[in-house]
Amino acid sequence: MTTSNLKTQIISQLDQLPPKLLGTVNDFVAFLVTRSKSSATEFSTATAIEDDPIVGMIKGPSDLATNAEEILKQEIQSGSGWSCR
């Protein structure tokens with residue numbers, strides 16, 4: 001389908017919409033335009049992995065779910081946890 005045919009089809013469908021939905025469609029189209037502009041520059045401004053603050057937030061063993069109890073046993077020391085005085 002050519003761009004011209006696609007635009008004609010979209011306009012035809014817009015003509016069939018109730019007037020109260022046109023504002024919503026307009027907002028959605030504006031969102032798509034903004035998103036397409038930002039995604040074009042997103043890749044050029046991407047930060048290096050070392051600079052990403054999320055990287056390192058989830059440091060730890062990859063087998064945490066399956067070996068949680070064993071990992072805790074290794075990490076617990078005599079001063080760990082609550083104590084009664």
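For this chain, numbers begin at 1 and follow the sequence in order.
A side-chain contact (heavy atoms from CB on, under 4.5 Å) with Leu6 is found for exactly one of Ile10, Thr3, Thr2, namely Ile10.
At distances below 3.5 Å, not a single donor-acceptor pair connects side-chain atoms of Ser12 with backbone N or O atoms of Thr8.
The CG atom of Asp27 lies 11.0 Å from the CG atom of Leu32; values are rounded to the nearest 0.5 Å.
The two residues Leu22 and Leu14 have their closest heavy-atom pair at CD2-O, 4.0 Å.
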